[in-house]
Amino acid sequence: MQDYDVIIVGGGPIGIACGLEAKKKGLSYLIIEKGPIVNSLFHYPINMQFFSSSEKLEIDDIPFISNESKPKRNEALEYYRRIVDSNKLNIKLFEKVQDVHKKTDLFSVTTSKSTYTSSNLILATGFYDLPNKLEVPGEDLPKVSHYYKDPHFYASQKLTVIGASNSAIDAALECYRKGAEVTLVIRGSEVGKRVKYWVRPDIINRIDEGSIKVYYNATVNEIRESEIDIKTNKGIITLENDFVLALTGYKPNFEFLKKLGVQLSDDEKLLPNYNPDSMESNIKGLYLAGVICGGMETHKWFIENSRIHAPLIFDSILENISK
Ligand SMILES: Cc1cc2nc3c(=O)[nH]c(=O)nc-3n(C[C@H](O)[C@H](O)[C@H](O)COP(=O)(O)OP(=O)(O)OC[C@H]3O[C@@H](n4cnc5c(N)ncnc54)[C@H](O)[C@@H]3O)c2cc1C
């Protein structure tokens, strides 16, 4: 006998949407989350504002009221926390899933605290845990971070921000406005094309007026205690530097997927194998939900377009049960 019909790994927005769906369908379920509720969102920058309007972040049609049309991080924390609370979702927090085995038709899930079994397993573990590393000397120095939290920390400091996407550009602008001396290092020849359309003119103007310095077609070569070496078309340039924000994206836990037997595409995208109509992977009863589905294409799925995964999965589970 299994403990649950479904175990959901990850208590992010999509894991919570799956929990709501399980409850609605009358199935026994458990959500296991290694941190607090919506752990990834909790670790987002403190002043972060979503690019989506609040109704696009709603799950199960539960209204999300925010002060402005695009909610802030703290409003999203409040929204998802209230959903977990008011629906009394069965969620275990600060419990990390360490291993999963499938024996005959049962999944055995070992966590940092216990072992549970289920007939179905949903992986909704996102991608925010594993940053894309620069792989350069000095990356492990304490002054280097792959996560940005609060601009105040960088006031009056020489800050190098690496990256050209929304996270890097938002951090560069915020820190500049709180008195940091910001240098952007961008691998390509321009600011990322997916930068929010209302932010793009702001960063371009700050660069053009010289308030934020930028090196295009440039990569980091080495980071030292008080300097950073940038590799450019004109050779290596050494800058004085106090802090580095390496905001070069994140990736799903491919090792975990592979260990479970989920097939990945053999190109650089590493797309996991799943049926888009049911979200069931090549392993029977193992479903994928949320941003984990995009492999290295982490911009492909977000809350707005992946909240639909929950009803798809539970239609499939119910269909399998009724067979
Ligand atoms: C700065 C920023 C701004 C964004 N803005 C928007 C926006 O405006 N609109 C939008 O739609 N999307 C936006 N996104 C993307 C959005 O936040 C993600 O798409 C969303 O969090 C995906 O939800 P998820 O549940 O799939 O994954 P996550 O929210 O990442 O949740 C995964 C959860 O799994 C947990 N977990 C991981 N491994 C384990 C384990 N072994 N055991 C137990 N738990 C585990 C993690 O702690 C985490 O809580 C933004 C992302 C960033 C970084």
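Whatever order the structure lists ligands and atoms in, that order sets their numbers, starting from 1.
- Those atoms of ligand 1 with a heavy atom of Gly290 less than 4.0 angstrom away are 26 (O).
- Only the side chain of Leu57 comes within 4.0 Å of ligand 1, judged by heavy-atom distances.
- Closest protein heavy atom to atom 37 (C) of ligand 1: Asp129 OD2, 3.3 Å.
- Heavy-atom contacts of Ile32 reach the following atoms of ligand 1: 43 (C), 44 (N) (cutoff under 4.0 Å).
- Tyr215 and Val161 fall into different hydrophobic clusters, where Ile, Leu, Val, Met, Phe, Trp and Tyr are joined by side-chain heavy atoms under 4.5 Å apart, directly or via other members.
- Taking only non-hydrogen atoms, the option from Gly126, Ala17, Ser167, Ser52 nearest to atom 9 (N) of ligand 1 is Ser52.
- Of all atoms in ligand 1, numbered sequentially from 1 with element shown, those under 4.0 Å from a heavy atom of Asn39 are 47 (O), 49 (O).
- Looking only at atom types and distance, the side chain of Asn217 has no donor-acceptor partner in the side chain of Ser189 under 3.5 Å away.
- No hydrogens or angles considered: nothing links the side chains of Thr117 and Tyr4 as a donor-acceptor pair under 3.5 Å.
- Both the backbone and the side chain of Ser40 come within contact range of ligand 1, each with a heavy atom under 4.0 Å.
- For atom 44 (N) of ligand 1, the closest non-hydrogen atom on the protein side is Lys34 N, 3.1 Å.
- In this structure, OG on Ser108 lies 9.0 Å from CG on Asp3, to the nearest 0.5 angstrom.
- Glu95 and Thr111 share a side-chain donor-acceptor pair at under 3.5 Å.
- A donor-acceptor contact under 3.5 angstrom links the side chains of Ser52 and Glu304, judged on distance only.
- Side chain to side chain, Tyr29 and Glu21 fail the donor-acceptor criterion of an N or O pair below 3.5 Å.
- Distances below 4.0 Å separate heavy atoms of Leu41 from the following atoms of ligand 1: 21 (O).
- Close contacts between ligand 1 and Pro13 involve ligand atoms 23 (O), 25 (O), 29 (O) [criterion: under 4.0 Å to a heavy atom].
- Contacts of Tyr44 with ligand 1, taken as heavy-atom pairs under 4.0 Å, involve the side chain alone.
- Using a 3.5 Å distance cut-off with no hydrogens or angles, the side chains of Ser281 and Asn273 do not pair a donor with an acceptor.
- For atom 47 (O) of ligand 1, the nearest protein heavy atom (residue, atom name, distance) is Glu33 OE2, 2.6 Å.
- The residue from Phe51, Trp301, Phe94 that puts a heavy atom closest to atom 7 (C) of ligand 1 is Phe51.
- A cation-pi geometry, defined here as NZ or CZ lying under 6.0 Å from the six-membered ring centre and within 45° of its normal, does not hold between Lys133 and Tyr250.
- Of the candidates Ile14, Val9, Thr298, it is Ile14 that places a heavy atom closest to atom 25 (O) of ligand 1.
- Contacts between Met48 and ligand 1, counted as non-hydrogen atom pairs separated by less than 4.0 Å, involve the side chain only.
- The single protein non-hydrogen atom nearest to atom 26 (O) of ligand 1 is Val291 N, 3.1 Å, given as residue, atom name and distance.
- For the residue pair Thr160 and Asn241, a side-chain donor N or O sits within less than 3.5 Å of a side-chain acceptor on the partner.
- What sits closest to atom 34 (O) of ligand 1 on the protein, heavy atoms only, is Gly10 CA, 3.3 Å.
- Pairing each heavy atom of Tyr147 with each of Pro131, the nearest pair is OH-CD, 3.7 Å.
- When hydrogens are left out, the protein atom nearest atom 12 (N) of ligand 1 is Phe302 CB, 3.3 Å; that is the closest non-hydrogen contact.
- Counting heavy atoms from C-beta outward, Leu159 and Thr183 have side chains that stay 4.5 Å or more apart.
- In terms of protein heavy-atom proximity, atom 20 (C) of ligand 1 is closest to Ile303 CG1, 3.5 Å.
- Protein heavy atom at the shortest distance from atom 40 (C) of ligand 1 is Val97 N, 3.8 Å.
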